[in-house]
Amino acid sequence: MRYPADLDATRLRVAIVVARFNHPITSRLLDGCEAELLRRGASPSDLHVAWVPGAFEIPQAARLLAQSARYDAIVTLGVVIRGGTPHFDYVCRAVTDGVREIVRDTDVPVGFGVLTTDDADQALARAGGGEGNKGAEAALAALEMARLRVALGKGPLGDAS
Ligand code: INI
């Protein structure tokens, strides 16, 4: 048998963690993410948004949300732009490792919508510009994994209330 790729967001509860750093771009990722989830049947009241200072803080917020057992899926959104210092590499490493560890340590799906780019134009292109919207793509990935989890007997949490 095969588990179908199901992208129905009906009754799913989703937490979205979004970094304030590079806000003009992360807000576009958030718009794309929310629009995709609503288009797939999510209820606006089931989408909870947690703003954090920067990408470095994303894993801690996402972990707390995953551990709260309130969400069927989490989507992480941020923009890290390469500067002239090694800071870029440290922040990129921290956020990618941190999110990977949450996926490893909990069974809550986490969509990864953190852009790591050389400049703002590359990021804008991937935040609703010519290269699509990575916020929407991360939402779809989280959704597909949440539905797979539901098919395996977990949730959706919307059924509990
Ligand atoms: N945070 C980002 O989300 N993107 C960046 O490009 C970035 N740069 O370049 O520094 C960034 N730094 C802030 C960092 O995420 C933390 O918020 C900060 O260090 C406080 O802990």
Side-chain angles (χ1 to χ4, degrees), residues 3 5-81 91-92 94-117 123-124 126-129 132-161:
Y3 293 100
D6 183 352
L7 295 170
D8 177 14
T10 309
R11 299 193 328 281
L12 295 186
R13 293 185 175 169
V14 182
I16 304 166
V17 182
V18 54
R20 212 175 290 114
F21 205 101
N22 290 316
H23 178 273
I25 311 177
T26 61
S27 62
R28 295 180 191 206
L29 293 175
L30 177 60
D31 290 345
C33 176
E34 290 187 302
E36 190 66 49
L37 292 168
L38 294 172
R39 197 164 73 82
R40 301 280 174 178
S43 163
S45 61
D46 284 338
L47 303 184
H48 297 180
V49 178
W51 285 92
V52 295
F56 185 82
E57 284 75 28
I58 287 174
Q60 184 178 15
R63 180 177 286 276
L64 290 167
L65 289 160
Q67 289 172 339
S68 76
R70 291 184 202 161
Y71 299 102
D72 296 290
I74 293 168
V75 184
T76 56
L77 304 173
V79 173
V80 193
I81 297 175
V91 174
C92 289
V95 67
T96 51
D97 286 357
V99 170
R100 191 197 60 223
E101 284 162 13
I102 298 162
V103 176
R104 187 191 62 203
D105 297 345
T106 77
D107 70 357
V108 180
V110 183
F112 189 73
V114 180
L115 300 176
T116 56
T117 63
L124 281 165
R126 290 159 179 76
N133 190 311
K134 296 293 174 192
E137 288 179 27
L140 287 175
L143 199 49
E144 185 172 343
M145 295 308 292
R147 277 290 161 209
L148 178 61
R149 189 164 169 261
V150 168
L152 291 166
K154 300 257 187 152
L157 289 166
D159 283 351
S161 55

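Scope of the values below: all heavy atoms of this structure, side chains included, with no hydrogens, waters or symmetry mates. All residue numbers refer to positions in the sequence shown, counting from 1. All values reported here derive from a predicted model rather than from experimental measurement.
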*Pairwise side-chain contact, Leu12 with Leu37, heavy-atom cut-off 4.5 Å (strictly under)*: no

*Could you tell me the separation between the CD1 atom of Ile74 and the NE2 atom of His48, rounded to the nearest 0.5 Å?*
12.5 Å

_Whether the side chain of Glu57 engages the backbone of Gly54 through a donor-acceptor N/O pair (distance < 3.5 Å, no angle test) should be reported._
yes

*For Arg40, enumerate each residue passing the side-chain hydrogen bond (donor to acceptor under 3.5 Å, both in side chains) test, keeping only those at least two apart in sequence or located in another chain.*
Glu36

*Val108 and side-chain contact (heavy atoms from CB on, under 4.5 Å): which partner among Arg63, Lys154, Met145, Arg149?*
Arg149

*Would a 4.5 Å heavy-atom cut-off, applied to side chains only, mark Asp97 and Glu101 as touching?*
yes

*Shortest non-hydrogen separation from Leu65 to Ser68 and the atoms involved*: O-OG, 2.6 Å

*Work out which heavy atom in Thr26 is nearest to a heavy atom in Ala19; give both atom names and the distance.*
OG1-O, 2.8 Å

_Backbone of Val79 reached by a side-chain donor or acceptor of Asn22 within 3.5 Å_ = yes

*asked:* Tell me if the CZ atom of Phe112 is crowded by more than 12 foreign heavy atoms within 6.0 Å.
replied: yes

*Got more than 12 heavy atoms from elsewhere within 6.0 Å of CD, Gln60?*
no

_Check whether Asn133 reaches the backbone of Arg28 with its side chain - one donor and one acceptor, N or O, closer than 3.5 Å._
yes

_Are Ile25 and Ile81 packed together at the side-chain level, in the sense that at least one heavy-atom pair is separated by less than 4.5 angstrom?_
yes

_Side-chain ion pair, Arg13 and Asp72, N-O less than 4.0 Å_ = no

*Quick one: closest heavy-atom pair of Ile16 and Cys33, and the distance?*
CD1-SG, 3.8 Å

*Enter the distance from Asp46:CG to Arg11:CZ here, rounded to the nearest 0.5 Å.*
10.0 Å

_Exercise: identify the closest heavy-atom pair between Ala73 and Ala146_ = CB-CB, 4.0 Å

*Passes side chain to side chain contact (heavy atoms under 4.5 Å, CB included), Val14 versus Leu143? Steps please.*
CA-CA 9 Å; Val14 182; Leu143 199 49; 5.6 Å; no

*Closest approach of Pro59 to Ile102 (non-hydrogen atoms, all atoms of both residues)*: O-CD1, 3.3 Å

*Nearest 0.5 Å, what's the CZ-CG distance between Arg147 and Leu152?*
12.5 Å

_Minimum heavy-atom distance between Ala15 and Tyr71, given as atom pair plus value_ = N-CD2, 3.6 Å

*State which residue, out of Leu77, Leu29, Val80, Thr96, fulfils the side-chain contact (heavy atoms from CB on, under 4.5 Å) condition with Val114.*
Val80

*Trp51 versus Leu30: any side-chain heavy-atom pair under 4.5 Å?*
yes

